[in-house]
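Here's the structure, in structure tokens; my notes come after.
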Amino acid sequence: MTEDNVGAILKKLDDVYGVTKEGFYHDQPWQLLAAIMLSAQSTDKQVEEVLPDFCRRFQTAAQLADAPLEEIEASIRSIGLYKNKAKNLKKCCTQIVNEYGGEVPSEIEELLKLAGVGRKTATLFLADAYEIPGVTVDTHVFRISRRLGWAEGKNPVIVEQELQKVLPEEHWNRINFQLIYHGREVCTARKAKCEECILGDWCERRI
DNA sequence: ATCCCGAGGG
DNA sequence: CCCTCTGGAT
């Protein structure tokens, strides 16, 4: 377990990938939650393409909850897993209207009760919407933090707890997008490009 | 061809 | 625990 590499790596990530990420377009918090749900297994570009029209068509959670499933599907048709997402969005918005008075809850335990909202979506929403510090562990964060020697846990929940101990809290809300960029371009699941990695000096995997 | 910026369901 | 859902990137 190396923890002395943490400071140097975090600084490098800040330098190369920046400290802020532009969030998804939205007028209302529930639309941000919807955008994050849409982003699963899809690119930001795909999501941003449908988002303006989506937000215009469904201005409130109640409007989406009442819309025919076919209309919801049509509005997100170009995005991966669109049938699942349309079904989950309708159910999720129905829950928001019926059980939360039309407002997205800000407690993670409540968010996790919403259809289509898992831990990754919930923590990212809390960070983006309310700047609540949290470590969002998606597939990239999971893979890279293990390669760096920051975590050893066998599932995302354990890794999340390990990272909360290893990382200063002010980095929690930016480590996700930084490692996503890094994970897509360099530290890929297979055939990682260790020769061109900016973290090569400190990474346990390369040394 | 193969793998995903997940989550629900059997 | 493993399967499925989807288009797009590589």
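These numbers come from the heavy atoms of this one structure, side chains and all, not from hydrogens, waters or symmetry mates. Proteins come first, then strands; the chains are lettered A, B, ... in the order of their sequence lines, and each starts at number 1.
Going from the C1' atom of B:dC5 to that of C:dC1 covers 24 Å, rounded to whole Å. Of the P atoms belonging to B:dG6 and C:dT10, the separation is 16 Å, rounded to the nearest Å.
With 3.5 Å as the limit, one finds no donor-acceptor pair spanning the side chains of A:Tyr17 and A:Asp15.
If A:Gly116 and A:Lys21 are placed on DNA chain B by their nearest nucleotide, the residue sitting closer to the 5' end is A:Lys21. Along DNA chain C, the nucleotide closest to A:Arg184 and the one closest to A:Tyr82 are compared, and the more 5′ of them pairs with A:Tyr82.
Among the heavy atoms of the strands lying under 4.0 Å from A:Asp44 is at least one base atom, whether or not backbone atoms are also near. Backbone-only contact: A:Ser78 has heavy atoms under 4.0 Å from sugar-phosphate atoms and none from a base. Residue A:Thr188 is classed as having no contact, given no heavy-atom separation below 4.0 Å to the nucleic acid. Using a 4.0 Å heavy-atom criterion, one finds that A:Arg190 contacts the sugar-phosphate atoms exclusively. Among the protein residues, A:Val117 comes within range of the sugar-phosphate backbone only, with heavy atoms under 4.0 Å from sugar or phosphate atoms but none that close to a base. Within 4.0 Å of A:Leu179, counting heavy atoms only, lies no atom of the nucleic acid at all.
The interatomic distance linking A:Gln41 (CD) with C:dC5 (C1') rounds to 10 Å, in whole Å. Put simply, CG on A:Leu81 is 9 Å from C1' on B:dA7, counting in whole angstrom units. Put simply, CE on A:Met37 is 19 Å from P on C:dC5, counting in whole angstrom units. One can place CZ of A:Arg119 at 20 Å from P of B:dC5, the figure rounded to the nearest angstrom. Rounded to whole Å, the distance from CG on A:Leu114 to P on B:dA7 is 12 Å. Taking atom CG of A:Asp138 as the reference point, atom C1' of B:dA7 lies 14 Å away to the nearest angstrom. Rounded to a whole Å, the NZ atom of A:Lys45 is 17 Å from the P atom of B:dC5. Taking atom CD of residue A:Glu48 and atom P of nucleotide C:dG7, one finds them 20 Å apart after rounding to whole Å.
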Worksheet item: Passes side-chain contact (heavy atoms from CB on, under 4.5 Å), A:Val141 versus A:Thr136? Steps please.
Response: CA-CA 8 Å; A:Val141 174; A:Thr136 301; over 6 Å; no

Discussion item. Show, in sequence, the C-alpha distance, side-chain angles and deciding distance for A:Arg56 and A:Asp53, and conclude whether the salt bridge (charged side-chain N to carboxylate O under 4.0 Å, His left out) test is met.
Written reply: CA-CA 5 Å; A:Arg56 217 173 299 128; A:Asp53 186 60; 3.8 Å; yes

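Using cut-offs of 30° and 60° on the angle between ring planes, the pair A:Trp30 and A:Phe54 is tilted.
The side-chain heavy atoms of A:Gln28 and A:Thr60, taken from C-beta on, include no pair separated by under 4.5 Å.
Between A:Arg77 and the phosphate of C:dG7, there is a side-chain N or O to OP1/OP2 separation shorter than 4.0 Å. Proximity of A:Gln46 to the phosphate of C:dG8: no side-chain N or O atom is located under 4.0 Å from OP1 or OP2. Residue A:Thr43 has no polar side-chain atom (N or O) positioned under 4.0 Å from OP1 or OP2 of C:dA9.
Salt-bridge annotation for A:Lys21 and A:Asp128: absent, with no side-chain N of the basic residue lying under 4.0 Å from a carboxylate O of the acidic one.
On a pure distance criterion of 3.5 Å, a polar donor-acceptor pair joins the side chain of A:Asn84 and the base of C:dC5.
Distances from the side chain of A:Ile180 to the nucleotides B:dA7, B:dC5, C:dC5 place B:dC5 closest.
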